[in-house]
Amino acid sequence: MQRFLFKRIQKPLQNLALCANYITTTIPTHNNTNATTIPHVETSDSWASIIFDLAQCGTRTGHALFEASHMLISGTKPNGYLFVQMVRASANLGWDFFSLQLHSYILRSGFCSNVFVSTALINFYIGIGSLSDAHQVFVEIPQPSVVSWNSLISGYVHSGQFCKALSLFLQLERSEVSVDSYSLTAALGACGQLSFLLLGKTVHSKTVKLGLENSTVVLNCLIDMYGKCGSLQEAILVFNNMIEKDTISWNSVIAASARNGSLQQAFSFLQQMHNPDIISYNELINGFSRFGDVEDAIKLLFSMPNPNSSSWNSIITGYVNRSRAREALDFFCKMHLENVEMDQFTFSSILSGVAGISALTWGMLIHCCTIKFGLATSIVVGSSLIDMYSKCGKISDAETIFHLLPEKNLVTWNSMISGFSWNGNPSKMMLLFEQMKMERDVKPDEITFLNVISACLHNQIPFENALQYFESMIKEYGIEPTLEHCCSMIRLMGQRGEVWRAENMIFQLGFGTCGSVWRALLGACGKCRDLKVAKNAAAKVIQLEGEDEFVYVTMSNLYAHYAKWEDVRVARKLMKEKGMRKEAGYSWIERENVISNSELQ
DNA sequence: ATATGTGAGT
């Protein structure tokens, strides 16, 4: 139990850390109070004012924590409520080291069996992103309450581990503890993120069973869930049946419409709304720049009352997603000129645009901006910087940033791994992958494995090694292979002349009816010149996706290779008859990016 | 002790 406490070394808070250290090293536990301890001079009443200050979370909170520590040192008997307030206050202040010491003090004094205290600790660990510690605390509570469950479930949702959250939710349903509206909102959030419509509907029926059909918060979550699962009609239905709608209800239904491409619908909701806030407008701006015209989005941005950085970010993201990175950069400059505040999302969006066009000079300039804004070490910006540098071929700069980042998440690791993969450094890639597996709060996901497998593809790593990765993904990590994994494996087989294995795998993984895998197989056959498998693959592509010039070109090249000139002639004739033409190949080389003085002003 | 609404990486 103690093991996991001291792993994380936080910013040192000198006097408090010392004080906290003093607590844990010198104070006897309460069940074996010895004679050297100062007797209880104070009664539990004396906690009252301290607890009051702790709970206020104001300027006196830190001081109150300090006093509470001293009282504990002097032997005043604590109670559970005091610890709850201490943990909460210390977590709010970001005094991580102090909180850790507090945890160990709580363990020593036997208060960890108190549900309230332990739940407060769970929330502390969630706050610092240490989900495994939170889970550990949870597991050791003799009888966790709904709140303990809910805290952990929503903790997993907030950290993006939606499946984990849902499996906990299902576990909660099977336990003696009964679910409440908090559990349902967390579960709905996870369903939405995963587009689990069916499970979402099940949760919907639970809300009715529990008589929560009038809870605004729960209904808001339902709107959001349906919207994210692509069921706009259901979302609107829930919205229309609501008796009490608040701003979030309106924004959720606007978001549901906008994100599903129903821009008209979204716009009409916005017009019906009495007091639209920034988010209401931003959802629509986002919708316009994603599905409509970026120009419309810009119009709305300039006509809305108080646009913020998110409003501007949506435009940049819109340009970037439509491969209009130059315009994104123009807009970024405009944002700078108009003194709009920039946040981590501004930088991550623009950096992703810069990465897409390998505009290194711009990337470096923006990197400087992030440093100036104090955002260079944020996880989001840091991950984008890694991606940008590695896509610009500056892998060692990417590496430096990776190592300098104080905190890393799944995305950070994935960016670095894909960087090594694209820059032809498989040994570093594999080393990093092994390091990642050792991390406590990060686990490889399907994207990690896709990067690893494609690294094998690009770096001539033996097929057997790639197969090992692929199998460990399925068996050890329980990750379902996606279409892309399947295609990567097929391409690998093509490289090693092992396409004969492919067909079996395709059917085993259930991708037999996907044209794109057969297309990948055909391409692989072209590489390793396997005419027999190619014929079959070509037939499948045509059967599933219709006529296709790629098929004819590949086949005629293959026939040519085996000097089957008659077949070549037939294939070319067929192509001609169908009016197909091989598209001319082209490559583009980004010219040196020079930023002119006018752009810099 | 706990909850809902946009943004990043293949």
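Source: prediction; values computed, not measured. Each chain gets a letter, A, B and so on, in the order its sequence line appears, and its residues count up from 1.
Distances shown here put a side-chain N or O of A:Ser352 below 4.0 Å from the OP1 or OP2 atom of B:dG9. For A:Ser145, no side-chain nitrogen or oxygen approaches OP1 or OP2 of B:dA1 to under 4.0 Å.
Among the atoms of the strands shown, none is found under 4.0 Å from any heavy atom of A:Ser383. Within 4.0 Å (heavy atoms only), A:Asn313 reaches at least one base atom of the nucleic acid. Heavy atoms of A:Ser348 sit under 4.0 angstrom from primed sugar atoms or phosphate atoms, though from no base atom. Within the 4.0 angstrom heavy-atom criterion, only backbone atoms of the sugar-phosphate kind lie near A:His158; the bases stay farther away. Within the 4.0 angstrom heavy-atom criterion, base atoms lie near A:Asn409. Contact annotation for A:Val84: backbone-only contact, meaning every heavy-atom pair under 4.0 Å involves sugar-phosphate atoms and none involves a base. Using a 4.0 Å heavy-atom criterion, one finds that A:Lys228 contacts the sugar-phosphate atoms exclusively. Among the heavy atoms of the strands, none lies under 4.0 Å from A:Asn114.
With rounding to whole Å, A:Gln344 atom CD is found 11 Å from B:dA8 atom P. Atom CG of A:Asp343 and atom C1' of B:dA8 are 11 Å apart (whole Å). Between A:Met225 atom CE and B:dT4 atom C1' there is a gap of 13 Å when expressed in whole angstrom units. Rounded to whole Å, atom P of B:dA8 lies 17 Å from atom CE of A:Met388. If you measure from atom CG of A:Leu219 to atom P of B:dT4, you get 15 Å, rounded to the nearest angstrom. For the pair A:Leu152 CG and B:dA1 P, the computed distance is 18 Å after rounding to whole Å. A straight line from CD1 of A:Ile386 to C1' of B:dA8 spans 12 Å, rounded to a whole angstrom. Regarding A:Phe116, its CZ atom lies at a distance of 7 Å from the C1' atom of B:dA1, rounded to whole Å.
The A:Val217 side chain lies nearest to B:dT4 when the options are B:dT4, B:dA1, B:dG9. Taking only side-chain atoms of A:Ile248, from C-beta outward, the nucleotide of B:dA8, B:dG5, B:dA1 with the closest atom is B:dG5. Out of B:dG9, B:dT2, B:dG5, the shortest distance to the side chain of A:Ser252 is found at B:dG5. Comparing B:dA8, B:dG5, B:dT4 by their closest approach to the side chain of A:Glu283 singles out B:dG5. The side chain of A:Ser181 lies closest to B:dA3 when the candidates are B:dA8, B:dA1, B:dA3.
Salt-bridge check for A:Glu399 with A:Lys428: passed, with a basic side-chain N closer than 4.0 Å to an acidic carboxylate O. Between A:Glu327 and A:Arg322 no salt bridge is recorded (no basic side-chain N to carboxylate O distance below 4.0 Å).
The stretch residues 412-423 of chain A touches DNA chain B through A:Asn414, each having a heavy atom under 4.0 angstrom from the strand.
Seen from the ring of A:Phe239, A:Lys245 counts as a face-on cation partner, given the 6.0 Å and 45° thresholds.
In this structure, A:Trp413 and A:Phe402 have perpendicular ring planes: the angle between them is above 60°, well past the 30° mark. Using cut-offs of 30° and 60° on the angle between ring planes, the pair A:Phe269 and A:Trp250 is perpendicular. Below 30°, between 30° and 60°, or above 60°: for A:Phe83 and A:Tyr105 the angle between ring planes is between 30° and 60°, a tilted geometry. Classified by interplanar angle (parallel below 30°, tilted 30° to 60°, perpendicular above 60°), the ring pair A:Phe331/A:Trp312 is tilted. Ring planes of A:Phe347 and A:Phe373: perpendicular class, angle over 60° (limits at 30 and 60°).
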Can A:Thr482 and A:His485 be said to form a side-chain hydrogen bond (donor to acceptor under 3.5 Å, both in side chains), step by step?
CA-CA 5 Å; A:Thr482 65; A:His485 292 107; 2.9 Å; yes
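Evaluation of atom-type donor-acceptor distances gives no pair under 3.5 Å for the side chain of A:Asn282 against the base of B:dG5.
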